[in-house]
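Numbering of ligands and ligand atoms starts at 1, following listing order.
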Amino acid sequence: MLTGAGISAESGVPTFRDADGLWEGHHVEDVATPEAYDRQPVVVQRFYDARRAALATVEPNPAHQALGRLEDVLGDDLFLVTQNIDDLHERGGSHHVHHMHGELLQALCRACERRTPWTGDLVDFPACPRCGHTELRPDVVWFGEVPYGMDRIMLELRRADLFVSIGTSGAVYPAAGFVQYAGQQGARTLELNLMPSEGSHLFDEARHGPAGVLVPAWVDEVLGGVQA
Ligand code: APR
């Protein structure tokens with residue numbers, strides 16, 4: 001299962017590709033690339049500090065909670081990979097979440113390359129608790145960087161008998177390619193999204209509407225089948 005920004009939209013976390021092409025007032029290339037960080041570290045740190053602080057003001061919605069219920073029943077048979085850097089899946093009851101684009105609540109030290117759980121700001125360039133260097137950056141995967149755990153993801157896509165994509169525009173690779181790969185390996189594929197994504201035609205089935213409605217209804221269907 002793959003999730004994107006759309007699953008957190010009803011919680012009040014903005015999606016990336018709004019109609020004006022801006023992401024909370026910024027062009028994506030101004031804040032989400034290593035080059036942007038090298039050029040304007042304070043701007044980039046402030047941007048992610050604001051997003052991290054905003055997590056305290058949002059709550060998981062029925063879609064996150066439904067996936068938590070699904071994990072309770074399916075256990076390891078469910079592999080949840082998210083492009084989201086928020087922690088709403090975890091707060092919605094999912095215990096095993098593969099954050100392929102990293103996590104806002106982790107800082108990554110550019111000096112020692114170790115991670116530290118982080119809830120505060122990074123704009124003042126605090127010392128890394130592990131090595132003492134002032135090189136902490138948000139532990140998020142920027143454009144041009146390699147998503148985390150691709151080998152594991154590809155393995156799970158090969159093993160899957162069902163691939164579900166929730167709330168993602170299908171605009172960003174490699175995640176946008178998962179549907180074709182899973183389908184070629186024999187999985188049935190299902191899209192749950194507010195509107196048809198760029199790759200909607202690649203799915204065996206697509207349902208369109210808000211995740212807070214579609215996902216709980218789909219989970220009820222699956223659990224009805226499992227428990228019958
Ligand atoms: N319910 C379901 N889907 C929704 C909802 C909702 N309430 N609201 C919006 N959507 C859909 C939109 O129709 C869109 O197709 O969610 C999708 C969000 O798309 P994007 O903003 O492009 O987010 P995402 O696909 O997660 O972006 C992928 O791009 O900028 C990078 O690293 C960033 O992880 C991100 C990646």
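The residue from Ser169, Ser8, Pro14 that puts a heavy atom closest to atom 20 (P) of ligand 1 is Ser169. Among Thr168, Leu194, Val31, Val140, the residue whose heavy atom lies nearest to atom 9 (C) of ligand 1 is Leu194. Counting heavy atoms only, Ala211 comes closest to atom 1 (N) of ligand 1 of the residues Gly4, Ala5, Ala211, Gly212.
Residue contacts with ligand 1 for Val172 involve side-chain atoms from C-beta outward but no N, CA, C or O (heavy atoms, distance under 4.0 Å). With a 4.0 Å cut-off on non-hydrogen atoms, Ser197 does not touch ligand 1 at all. With a 4.0 Å heavy-atom cut-off, ligand 1 is reached by the backbone of Gln83 and by its side chain too.
Aromatic rings from Tyr148 and His99 are positioned such that their centres are separated by 6.0 Å or more.
When each of His208, Arg207, His201 is tested with Glu191 by the rule side-chain hydrogen bond (donor to acceptor under 3.5 Å, both in side chains), just one qualifies, namely His208.
Listed by number with element, the atoms of ligand 1 under 4.0 Å from a non-hydrogen atom of Gly167 are 3 (N), 16 (O), 17 (C), 18 (C). Atoms of ligand 1 found under 4.0 Å from any heavy atom of Met195, numbered from 1 in the order shown, are 13 (O). Interface atoms of ligand 1 facing Phe143, defined by a heavy-atom separation under 4.0 Å, are 30 (O), 31 (C).
Applying the salt bridge (Lys or Arg N to Asp or Glu O under 4.0 Å) test to Arg159 and every residue at least two apart in sequence or in another chain returns Glu156. Partners of Glu71 by side chain to side chain donor-acceptor pair (under 3.5 Å), not counting sequence neighbours, listed by chain and number: His95.
A donor-acceptor contact closer than 3.5 angstrom is absent between the side chains of Ser11 and Glu59. The closest side-chain donor-acceptor pair between Arg158 and Tyr181 falls under 3.5 angstrom.
Contact check on Arg188 versus Asp204 returns no salt bridge, with no Lys/Arg side-chain nitrogen under 4.0 Å from an Asp/Glu carboxylate oxygen.
Here's the thing with Glu10: one of its N/O atoms is less than 3.5 angstrom from an N/O atom of ligand 1.
Residue-ligand proximity: Pro210 is placed with a non-hydrogen atom under 4.0 Å from ligand 1.
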